[in-house]
Asker: 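Submitted below is the structure of interest, expressed as structure tokens.
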Amino acid sequence: MSEPFTDEQHALLRHMRFGELPPPVRPEDRTTSTETEPPRYQPDPTPGQYERDLRSGG
């Protein structure tokens, strides 16, 4: 059985996968975000659509 990774090993794997992270955003550079468009909700599925999707693999 293998030993679990150390924090340093996890950090190395993250760096190898994602590269250098950008610097964090300073609090004075943060802005508030407001929604300007209404959310795009998907319509309710038609009755039985869930079962048909399951059978067809969708």
Side-chain angles (χ1 to χ4, degrees):
M1 192 163 150
S2 64
E3 304 250 344
F5 286 137
T6 64
D7 288 343
E8 292 81 19
Q9 289 169 324
H10 278 290
L12 176 64
L13 291 173
R14 276 193 303 276
H15 181 75
M16 288 170 45
R17 181 171 182 186
F18 300 110
E20 190 69 29
L21 293 175
V25 178
R26 298 181 313 212
E28 60 270 12
D29 293 338
R30 295 180 186 165
T31 61
T32 57
S33 163
T34 58
E35 294 291 326
T36 57
E37 295 181 18
R40 297 181 192 170
Y41 296 110
Q42 291 192 347
D44 290 335
T46 56
Q49 183 66 45
Y50 178 74
E51 290 79 11
R52 285 193 298 275
D53 287 345
L54 282 178
R55 279 192 297 258
S56 68

Asker: Check side-chain contact (heavy atoms from CB on, under 4.5 Å) between Thr31 and all other residues, then give those that pass, not counting sequence neighbours.
Answerer: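 Expected list: none.
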Asker: Of all residues at least two apart in sequence or in a different chain, which pass the salt bridge (charged side-chain N to carboxylate O under 4.0 Å, His left out) check with Asp29?
Answerer: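 Asp29: salt bridge (charged side-chain N to carboxylate O under 4.0 Å, His left out) contacts with Arg26.
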Asker: Quick check for you: to the nearest 0.5 Å, what is the distance between Thr6 atom OG1 and Leu12 atom CG?
Answerer: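 Rounded to the nearest 0.5 Å, the OG1-CG separation comes to 9.0 Å.
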Asker: What pairs meet the ring pair (Phe, Tyr, Trp, His ring centres under 6.0 Å) rule with one or both residues in residues 3-36, with sequence neighbours excluded?
Answerer: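 Counting only pairs at least two positions apart or across chains, the ring pair (Phe, Tyr, Trp, His ring centres under 6.0 Å) contacts touching residues 3-36 are Phe5-His10.
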Asker: Would you indicate whether Arg30, at its atom CZ, is surrounded by more than 12 heavy atoms from other residues, nucleotides or ligands within a distance under 6.0 Å?
Answerer: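 Atom CZ in Arg30 is packed in, count exceeds 12.
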Asker: CZ/Arg14 to CD/Gln9 distance, rounded to the nearest 0.5 angstrom?
Answerer: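 Interatomic distance, Arg14 CZ to Gln9 CD, rounded to 0.5 Å: 11.5 Å.
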